[in-house]
Asker: 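Right, I'll just put the structure down here and ask away after.
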Amino acid sequence: MKNNLFYKIKAVIFANRRYWPIDAELQSTFGEIEKDLKNLGIEEVSLCTDESTVPISKVDGVLLAVPISGSVQSWVLNTAKHYHQVVLLASYVDEVFRPEITHKLLYANAAPTFAECWSQLRQKHPSSFVAITRGELYQKLALFRAANKIKNSRIVLIGDMEPWVLSPSRDFLAYEQFGPELIQVSQQELLEIAKNIPDASAKKIADSYWNNAQKIFEPSYEDCIKAGALAAAIDELLGRYDADAAAIACFNLLAPSGTSSCMGVSYLNTRNTKIIACEGDLDSAVTMLLMKEVSKSNLWMANPAFRPDKSICYSHCTAPTKTSQNNTRPYILRNHHESGIGVSLQTLLPLNERVTIARFSSENSSIFMMGAQTFEADYKPVCRTQLNLRPDDSEFLINSLFGCHQVIAFEDCQKSLAELSMILGLKVIQA
């Protein structure tokens, strides 16, 4: 499945010869635009100068529509009908192309053409996007590349979803119809790998946590080595299946492993090359996979506890020790909150900062997202890492809840997350 290009971008330059009467000038302008777009990674660029070049059947991929004159509106709209996704580029804007080119396009009436095309596309095409600056074009191209990565991704479910996690679909097709491939493996396979992890590998991970902790409460060094072996085993299991993400059913592992997987989840999500959700929550794993593509932040899955003032205390025992690769957070080593065994993280997450809350729903192919502000509050008798948030619209969040677990990115990535989700055909729920 991997390495398929689901969202191949095909650029079409639309020019009416009424505005480009000198063919040599048109071909020269097209040639420069073609070269520029190919330098951005767009392999296929063509020129449409009359109605006869508009497709007559569905075309795989994405249309980058580039009108460079007036009187091409119907050509753009008729071509767009044949593509699943459309990006309309304001080609006449300074810095999109060289000023000598953009001035020609302005003179050829590209500006009103763009406005008219966008007014129609946004109403009539179910998945259309606009790029007015060169930076926005870069961003849109990056989102389609991210969508290709999601379509080619693989998630491993280790064991079964925990029985109290009700919201994710038990039907893998609910996930694969829009994106990632799912593979389920037994917990026994993970335990067998853990038994064979070299002591040096387990100790290396254990030492990275033990030596850098601000404080250590319940766990012993031996607990940390055992948790390090399980962390290395999870990492090896993902490599064995060439997986990009995992959801691990962690509670059934407590007794046979003699430890918790909390440190292992923290370890993977701190490195952020692969991501992992706990409690077998596939919806959270998908949410993390999506957010990883649009955020520079590390990610954390957590439970909400609502307060009377509509603020929320989020908590879980699996927090990363960095909120980004350049922002290491102080942390305390604890045991697992519910079981009292193993090693978990009480990470001191940033205060007075903007974050993004999100949750994908496999039941209705939707994703909820909202911004929030972190603040300081009293520590509660819940999971070890705690972060207090004031959502932008608490009532809307409560009425849009897709499940207990939500994923937090330590930055505002809502715009890009919404657009990536729309590209993948998901319904976006925002206040």
Asker: For the residue pair Thr347 and Leu387, establish whether any side-chain heavy-atom pair is separated by less than 4.5 Å.
Answerer: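 Answer no - side chains too far apart.
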Asker: Do the side chain of Asn298 and the main chain of Thr270 share a donor and acceptor less than 3.5 angstrom apart?
Answerer: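 At least one qualifying donor-acceptor pair exists.
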Asker: Please report whether the ring centroid of Phe178 lies less than 6.0 Å from that of Phe360.
Answerer: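 Aromatic pair counts; centres sit under 6.0 Å.
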Asker: Work out which heavy atom in Ser315 is nearest to a heavy atom in Val382; give both atom names and the distance.
Answerer: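 Smallest heavy-atom distance, with atoms named: OG-CG2, 3.6 Å.
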Asker: To the nearest 0.5 angstrom, please state how far the CD1 atom of Ile423 sits from the NZ atom of Lys140.
Answerer: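 Going from CD1 on Ile423 over to NZ on Lys140, the span is 8.5 Å.
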Asker: Going by heavy atoms in the side chains, are Arg271 and Lys322 under 4.5 Å from each other?
Answerer: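 Not touching, per the 4.5 Å side-chain cut-off.
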Asker: Measure from the side-chain N and O atoms of Asn78 to the backbone N and O of Ala80, and report whether any donor-acceptor pair falls under 3.5 Å.
Answerer: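 Checking the backbone N and O of Ala80 against the side chain of Asn78, no donor-acceptor pair under 3.5 Å is found.
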Asker: Find out whether Ser127 and His84 are in side-chain contact, i.e. whether some heavy atom of one side chain is under 4.5 Å from a heavy atom of the other.
Answerer: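 Of all side-chain heavy-atom pairs linking His84 with Ser127, none is under 4.5 Å.
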Asker: Would Asp283 and Ser167 count as having a side-chain donor-acceptor pair, cut-off 3.5 Å?
Answerer: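 Ser167 and Asp283 do not have a side-chain donor-acceptor pair below 3.5 Å.
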Asker: Tell me, do Cys117 and Phe14 make a side-chain contact under 4.5 Å, heavy atoms counted?
Answerer: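 No. Closest side-chain heavy atoms not under 4.5 Å.
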Asker: Does NZ in Lys124 sit with more than 12 non-hydrogen atoms of other residues, nucleotides or ligands closer than 6.0 Å?
Answerer: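 Incorrect, the count does not exceed 12.
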Asker: Kindly indicate, with the supporting measurements, whether the criterion side chain to side chain contact (heavy atoms under 4.5 Å, CB included) is fulfilled by Ile101 and Glu32.
Answerer: CA-CA 9 Å; Ile101 296 291; Glu32 184 163 338; 3.7 Å; yes
Asker: Between Ala285 and Ile275, which heavy-atom pair has the shortest distance, and what is it?
Answerer: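 That closest heavy-atom pairing would be O-CD1, 3.6 Å.
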Asker: Please test Tyr92 against Thr113 for side chain to side chain donor-acceptor pair (under 3.5 Å), starting from the C-alpha separation and ending with a verdict.
Answerer: CA-CA 10 Å; Tyr92 61 90; Thr113 300; over 6 Å; no
Asker: Cut-off 3.5 Å, side chains only: do Tyr331 and Thr321 have a donor facing an acceptor?
Answerer: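 Thr321 and Tyr331 do not have a side-chain donor-acceptor pair below 3.5 Å.
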Asker: Measure the NZ-CG distance between Lys10 and Leu64 for me, rounded to the nearest 0.5 Å.
Answerer: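 Going from NZ on Lys10 over to CG on Leu64, the span is 13.0 Å.
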Asker: Can you give me the closest heavy-atom contact between Val86 and His125, atom names plus distance?
Answerer: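 In terms of heavy atoms, the two residues are closest at CG2-NE2, 3.5 Å.
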Asker: Supply the atom-to-atom distance Ser119 OG to Leu88 CG, rounded to the nearest 0.5 angstrom.
Answerer: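 Separation between the atoms: 10.0 Å.
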Asker: Could you check whether Gln386 and Tyr314, counting side-chain N and O atoms only, form a donor-acceptor pair closer than 3.5 Å?
Answerer: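 Gln386 and Tyr314 do not have a side-chain donor-acceptor pair below 3.5 Å.
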Asker: Within the 4.5 Å heavy-atom criterion, are Val286 and Ile367 side-chain neighbours or not?
Answerer: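 No, side chains not in contact.
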Asker: Apply side chain to side chain contact (heavy atoms under 4.5 Å, CB included) to the pair Ile132 and Val93, showing each step before the final yes or no.
Answerer: CA-CA 7 Å; Ile132 294 178; Val93 172; 4.2 Å; yes
Asker: Mind checking whether His316 and Asn303 have side chains closer than 4.5 Å, heavy atoms only?
Answerer: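 Counting from C-beta outward, His316 and Asn303 do come under 4.5 Å.
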Asker: I'd like to know whether Trp75 forms a side chain to side chain contact (heavy atoms under 4.5 Å, CB included) with Glu51, so could you lay out the CA-CA distance, the side-chain angles of the two residues, the decisive distance to 0.1 Å, and finally the verdict.
Answerer: CA-CA 6 Å; Trp75 305 350; Glu51 195 76 41; 2.8 Å; yes
Asker: Does NZ or CZ of Arg390 lie under 6.0 Å from the centre of the six-membered ring of Phe375, at an angle within 45° of the ring axis?
Answerer: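 Yes, Arg390 lies over the aromatic ring of Phe375.
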Asker: Give, for atom OG of Ser201 and atom CG of Asn196, the distance between the pair rounded to the nearest 0.5 Å.
Answerer: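 One finds 11.5 Å between OG of Ser201 and CG of Asn196.
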Asker: I'd like to know if Lys310 and Glu395 make a salt bridge, using a cut-off of under 4.0 Å between side-chain N and carboxylate O.
Answerer: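 Yes, this pair counts.
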Asker: NZ of Lys149 to CG of Asn152: how many Å apart, nearest 0.5 Å?
Answerer: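 Separation between the atoms: 10.5 Å.
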Asker: Cation-pi check for Phe6 against Lys151: NZ or CZ below 6.0 Å from the six-membered ring centre and within 45 degrees of the axis, yes or no?
Answerer: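 Yes, a cation-pi geometry.
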Asker: Has the side chain of Gln406 got a donor or acceptor atom that lies under 3.5 Å from a matching backbone atom of Met301?
Answerer: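 No, Gln406 side chain to Met301 backbone: no donor-acceptor pair under 3.5 Å.
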Asker: Could Glu100 and Lys104 be called an ion pair, given the rule that one side-chain N must be under 4.0 Å from one carboxylate O?
Answerer: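 No, no charged N to carboxylate O under 4.0 Å.
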Asker: So that I can tick it off, tell me whether Arg240 and Asp235 are bridged by a salt bridge, with the cut-off set at under 4.0 angstrom between side-chain N and carboxylate O.
Answerer: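 Not counted as a salt bridge, because no side-chain N and carboxylate O are separated by less than 4.0 Å.
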Asker: Decide whether Ser416 and Gln139 meet the rule of one side-chain donor and one side-chain acceptor closer than 3.5 Å.
Answerer: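 A donor-acceptor contact under 3.5 Å links the two side chains.
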Asker: Donor-acceptor check, side chain of Ser186 to backbone of Glu189, threshold 3.5 angstrom: yes or no?
Answerer: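 The answer is yes, because a donor-acceptor pair under 3.5 Å joins these two groups.
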Asker: Which heavy atom in Leu37 sits nearest to a heavy atom in Ala11, and how many Å separate them?
Answerer: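 Minimum heavy-atom contact is CD1-CB, 3.9 Å.
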Asker: Determine, stepwise, if the pair Asn327 / Thr323 fulfils side chain to side chain donor-acceptor pair (under 3.5 Å).
Answerer: CA-CA 6 Å; Asn327 191 351; Thr323 52; 3.2 Å; yes
Asker: Determine whether the side chains of Tyr241 and Glu181 contain a donor N or O and an acceptor N or O closer than 3.5 Å.
Answerer: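 Checked: Tyr241/Glu181 side chains show no N/O donor-acceptor pair below 3.5 Å.
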Asker: Determine, step by step, whether Asp94 and Arg134 satisfy the salt bridge (charged side-chain N to carboxylate O under 4.0 Å, His left out) criterion, reporting the C-alpha distance in whole Å, the side-chain angles of both residues, the deciding distance to 0.1 Å, and the verdict.
Answerer: CA-CA 9 Å; Asp94 285 345; Arg134 193 173 182 88; over 6 Å; no
Asker: Take Gln184 and Asp160, measure what side chain to side chain donor-acceptor pair (under 3.5 Å) needs, and give me the verdict at the end.
Answerer: CA-CA 8 Å; Gln184 188 168 16; Asp160 290 306; 2.6 Å; yes
Asker: Work out which heavy atom in Ser153 is nearest to a heavy atom in Asp244; give both atom names and the distance.
Answerer: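 Minimum heavy-atom separation between Ser153 and Asp244: CA-OD2, 3.1 Å.
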Asker: Measure the shortest side-chain to side-chain distance between Tyr7 and Leu424 over non-hydrogen atoms and say whether it is less than 4.5 angstrom.
Answerer: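 SC-SC contact between Tyr7 and Leu424 confirmed.
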Asker: Between the main-chain N or O of Gly70 and the side-chain N or O of Gln73, is there a donor-acceptor pair closer than 3.5 Å?
Answerer: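 Checking the backbone N and O of Gly70 against the side chain of Gln73, no donor-acceptor pair under 3.5 Å is found.
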Asker: Do the side-chain N and O atoms of Trp20 and Glu25 include a donor-acceptor pair separated by under 3.5 angstrom?
Answerer: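 There is no such pair between these side chains.
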Asker: Testing the basics here: between Lys8 and Glu44, what is the closest heavy-atom pair and its distance to 0.1 Å?
Answerer: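 The pair with the smallest heavy-atom distance is NZ-OE1, 4.0 Å.
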Asker: Hey, is the main chain of Glu411 close enough, under 3.5 Å, to the side chain of Thr356 for a donor-acceptor pair?
Answerer: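 Yes: the side chain of Thr356 pairs with the backbone of Glu411.
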Asker: Side chain to side chain contact (heavy atoms under 4.5 Å, CB included) for Asn16 and Tyr19? Distances and angles first, verdict last.
Answerer: CA-CA 6 Å; Asn16 193 310; Tyr19 293 87; 4.3 Å; yes
Asker: Give a yes-or-no answer on whether the side chains of Asn326 and Ser324 include a donor-acceptor pair shorter than 3.5 Å.
Answerer: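 No pair is found: no donor N or O on one side chain lies under 3.5 Å from an acceptor on the other.
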Asker: Using modelled atom types and a 3.5 Å cut-off, is there a donor and acceptor pairing between side-chain atoms of Ser91 and backbone atoms of Pro67?
Answerer: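 Looks like yes, one N/O pair under 3.5 Å.
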Asker: Any chance you could measure Ser295, atom OG, to Asn272, atom CG, to the nearest 0.5 Å?
Answerer: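 Reported to 0.5 Å precision, the distance equals 8.0 Å.
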Asker: Donor-acceptor pair, distance only, cut-off 3.5 Å: does the side chain of Ser169 make one with the backbone of Glu363?
Answerer: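 Pair absent, no side-chain N/O of Ser169 close to backbone of Glu363.
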Asker: Side chains of Asn352 and Glu376: do they bring a donor and an acceptor to under 3.5 Å?
Answerer: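 Glu376 and Asn352 do not have a side-chain donor-acceptor pair below 3.5 Å.
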Asker: Would Ser284 and Arg359 satisfy side chain to side chain donor-acceptor pair (under 3.5 Å), going step by step from the backbone distance to the final call?
Answerer: CA-CA 7 Å; Ser284 287; Arg359 169 77 184 194; 2.9 Å; yes
Asker: Checking Ser400 side chain against Phe396 main chain: does a donor-acceptor pair fall under 3.5 Å?
Answerer: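 Pair found, side chain donor or acceptor close to backbone of Phe396.
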Asker: May I ask you to test the Ser366-Phe402 pair for a side-chain heavy-atom distance under 4.5 Å?
Answerer: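 Counting from C-beta outward, Ser366 and Phe402 do come under 4.5 Å.
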Asker: Test your reading of the model: is there a side-chain donor-acceptor pair from Ser28 to the backbone of Ala24, 3.5 Å cut-off?
Answerer: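 The answer is no, because no donor-acceptor pair under 3.5 Å joins these two groups.
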Asker: Quick one: do Asp50 and Arg17 make a salt bridge, cutoff under 4.0 Å?
Answerer: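 Answer for the salt bridge query: no.
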